[in-house]
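Treat the numbers as computed from the prediction; the structure is a model and nothing was measured. Residue numbering restarts at 1 for every chain, and letters A, B, ... go by the order of the sequence lines. Because only heavy atoms are used, hydrogens play no part in the values below, and waters and symmetry mates are left out as well, while side chains stay in.
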2 protein chains.
Amino acid sequence: MSITLHDIARKSGFSVTTVSRVFNKQTARYRISRETASYILQVAGELNYRPNQIARGLRLKKTHTLGLIVPDISNPFFAYLIRIIQRFSHTFGYSLVVCDTDENVDLENEHIEVLRSKGIDGLIIMPVGQSSSHLEYLVLENMPLVLVDRCFEGLQTSSVTVDNRRGAFEAVDYIAGCGHRRIAIVQGLPHTYANNERVQGYREALSKNGISPDERLMVGNDFRSEAGYTAARQLLKIESRPTAIFATSDLIALGAIQAIREEGLTIPEDISLVAFDDIEFAMSLACPITAVAQPKEQIGETAVQLLIEQIKNRGKQRPKHVMLAPKLIVRDSVRRIDRPNGRTERQAG
Amino acid sequence: MSITLHDIARKSGFSVTTVSRVFNKQTARYRISRETASYILQVAGELNYRPNQIARGLRLKKTHTLGLIVPDISNPFFAYLIRIIQRFSHTFGYSLVVCDTDENVDLENEHIEVLRSKGIDGLIIMPVGQSSSHLEYLVLENMPLVLVDRCFEGLQTSSVTVDNRRGAFEAVDYIAGCGHRRIAIVQGLPHTYANNERVQGYREALSKNGISPDERLMVGNDFRSEAGYTAARQLLKIESRPTAIFATSDLIALGAIQAIREEGLTIPEDISLVAFDDIEFAMSLACPITAVAQPKEQIGETAVQLLIEQIKNRGKQRPKHVMLAPKLIVRDSVRRIDRPNGRTERQAG
DNA sequence: ACAGACCGCACAAACGTTTGTGCAGAATAA
DNA sequence: TTATTCTGCACAAACGTTTGTGCGGTCTGT
């Protein structure tokens, strides 16, 4: 269908070899004369030649294509990351094939296999979590790989994450600093790295503020909004309900807001709320939500950079683990209430 | 690096040809004995063979990969569509390479060229709008192509859109039916198909309700939230400000909500608001927003189906234009006010 | 005038598949 | 027995590139 080197060779009277070299800017190295080069380029221009990247890929064993595997494309956090990653990949000359695992390890595996057989040059994965055994042979095979958002302890591969524990700690510590004692947490998908860390940060903040954890205040089992909604409803039913809720994701927070509204309560007067993951449209919500913002641009940027690095010096290079700092953005969703000792000021620095 | 047909051929003692035919289930056609076939499969299993799709792509001239070009991946509407399209493509055995144009025609062109040279089997584009000249040679070359969300009059290619005009009409007619006379519109990117149609629907609804259009009430120049914010601020400054705002996108509505809040006003008491594009988290907003919902699943689904159809019977098939119906979802963001004639009931059916 | 260096380019193999055709040997038919 | 068909598989070309090597011819130096 398309114009090939052959066509240009025939029309220009030179060989395929020469034409190819002109396109690869190898004219100096292989001593192609200037006139020949420019003539060939002219002919190619007339024919509107575009090199066949499949053939190149076969010959060169690189496709200039990256794979990106995410748990849920439509999650705004991931969507934003995808955009950043796509843009950066493109500036480095790479295309991006995007796969959605729907938080399903089998699907994740399937996608990995497909991507491998399509010869992608590297892979960015936001793994669904729990187990990493299916990723091990990727690193064994030396496939350039970087994990994002969630990582695994034992895996010898680069990763970029945010300090989930610290983010959660700061959020909950801030809530406690505002005088709250009954602070609930709505968890995300259990046994995932991000969730474990955030719960851990929650516990530590509680501990630091001398609050003993209450199992009934620890609910939730998914990062999505429906789960946030039902978990929040559950919390609001408790006889002595929490005065504040720490939502471990923005989507959970959205669900919680809806539940709170339906219960006829308002934020922050009746109940306070802090979210992990900043919501871009936080200012448009029922109440501007205080949230732990992740540096999304930076996450996407370094993910691509780490990957490209690995691709360049494929083979030997130690994996790098980059951990970025989240940032608590204080808005209006936490009410300051009297502490037992009577102080009302915000305590956290 | 990888196991090839060659390896299996050597290890099994048969030829590459035979091995290939076994994998392509051509054993009957080419009379490969059952024992041979199963033995080859066994050997392949032991070696963990995965066919090299690049080589197949070169030979077969199909890559089982689709291209998807969108103006903004992180826009929740597009993000949701991408997810649907990815899922459907995958069930049909296709991967998806996703490109973001950032509403920039030059970038759109660049992506198209890259995708072409990578030999994708088909292309789904949500074009940035205005001109379609750069798409024409795609249809000339018989590239399977379907346009989504925005389409062009003259272009001989399949498309799936929603009835933007009708959606806008119903929204504004509903607002008018609630008694509003000063109804503003915040437009999206000018000269795009979607924007033109929505403005047209707005005008028609005004006309039907005997309201003469006021140019000062027609503001906005982009579908994103920042534009919505500034446009809304502008509207609120007008001496006799509108009683209702029709936002031509969900993002615009979010920006408008923020502006309204900052002005110290509330929805719907002080000002009413309706959005085009339903926001998934509408229930978590300052006020549950009445919105024109687009059937996103159906859009994505039919887009993929139309594309696959075109790929199957490439060559001759007339382009199909599918136009889906949007649906007005009434929530709480429009206040019913007294009509000049004293009636307060909602009028629209 | 002659050896060597240099210039400008082409041959051919390779990347991993798919597929039309051909070719032995076995089975069947006459 | 011989002619024919069938069975089971392999040869080789092709897809569009890239690249190590080689080969004639011109130029330079002496």
> C:dC9 P sits how many Å from A:Leu5 CG, rounded?
16 Å
> Can you tabulate the close N/O pairs, meaning under 3.5 Å, that link protein atoms to atoms of nucleotides 7-10 of chain D?
{"from": "D:dG8", "atom 1": "N7", "to": "B:Arg31", "atom 2": "NE", "distance (Å)": "3.0"}
{"from": "D:dG8", "atom 1": "N7", "to": "B:Arg31", "atom 2": "NH2", "distance (Å)": "3.4"}
{"from": "D:dG8", "atom 1": "O6", "to": "B:Arg31", "atom 2": "NH2", "distance (Å)": "3.0"}
{"from": "D:dC9", "atom 1": "OP1", "to": "B:Thr36", "atom 2": "OG1", "distance (Å)": "2.5"}
{"from": "D:dC9", "atom 1": "OP2", "to": "B:Ser33", "atom 2": "N", "distance (Å)": "2.8"}
{"from": "D:dC9", "atom 1": "OP2", "to": "B:Ser33", "atom 2": "OG", "distance (Å)": "3.2"}
{"from": "D:dC9", "atom 1": "OP2", "to": "B:Thr36", "atom 2": "OG1", "distance (Å)": "3.0"}
{"from": "D:dA10", "atom 1": "OP1", "to": "B:Ser15", "atom 2": "N", "distance (Å)": "3.2"}
{"from": "D:dA10", "atom 1": "OP2", "to": "B:Ser15", "atom 2": "N", "distance (Å)": "2.8"}
{"from": "D:dA10", "atom 1": "OP2", "to": "B:Ser15", "atom 2": "OG", "distance (Å)": "2.7"}
{"from": "D:dA10", "atom 1": "OP2", "to": "B:Thr18", "atom 2": "OG1", "distance (Å)": "2.5"}
{"from": "D:dA10", "atom 1": "N6", "to": "B:Arg21", "atom 2": "NH2", "distance (Å)": "2.5"}

> When the distance from CD of B:Gln26 to P of C:dT21 is rounded to whole Å, what number comes out?
15 Å
> Quick check: does any side chain N or O of A:Lys118 sit under 3.5 Å from a backbone N or O of B:His64, one acting as donor and the other as acceptor?
yes
> Within the side chain of B:Arg150, is there an N or O that forms a donor-acceptor pair under 3.5 Å with the backbone of B:Ala194?
no
> Donor-acceptor check, side chain of A:Gln298 to backbone of A:Leu324, threshold 3.5 angstrom: yes or no?
no
> Tell me: CG of B:Asp7 to C1' of C:dT17, nearest whole Å?
13 Å
> Strictly distance-based, threshold 3.5 Å: is any side-chain N or O of B:Ser132 a donor or acceptor partner for the main-chain N or O of B:Leu135?
no
> Indicate, with a heavy-atom threshold strictly under 4.0 Å, whether B:Tyr49 touches base, sugar-phosphate, or nothing.
sugar-phosphate
> Got a list of protein N/O to nucleotides 13-15 of chain D N/O distances below 3.5 Å?
{"from": "D:dA14", "atom 1": "N3", "to": "B:Arg59", "atom 2": "NH1", "distance (Å)": "3.4"}
{"from": "D:dC15", "atom 1": "O3'", "to": "B:Lys61", "atom 2": "NZ", "distance (Å)": "3.3"}
{"from": "D:dC15", "atom 1": "O2", "to": "B:Arg59", "atom 2": "N", "distance (Å)": "3.4"}

> Is there a donor-acceptor contact under 3.5 Å from the side chain of A:Ser95 to the main chain of A:Thr65?
no
> Whether the side chain of A:Asp100 engages the backbone of A:Ile73 through a donor-acceptor N/O pair (distance < 3.5 Å, no angle test) should be reported.
yes
> In this structure, how many angstroms lie between the P atom of D:dT17 and the NE2 atom of A:His6, rounded?
10 Å
> Give a yes/no answer on whether the side chain of A:Arg29 brings an N or O atom under 4.0 Å of OP1 or OP2 in D:dG20.
yes
> In whole angstroms, how far is the C1' atom of D:dG16 from the NZ atom of B:Lys118?
17 Å
> Can a donor-acceptor pair be found between the side chains of B:Glu46 and B:Gln42 at a distance below 3.5 Å?
yes
> Is A:His111 reaching over with its side chain to a backbone N or O of A:Leu107, donor-acceptor style, under 3.5 angstrom?
yes
> Is a side-chain N or O of B:Ser89 found less than 3.5 angstrom from the main chain of B:Leu96, in a donor-acceptor match?
no
> Distance check needed: C:dG16 C1' versus B:Ile8 CD1, whole Å only.
12 Å
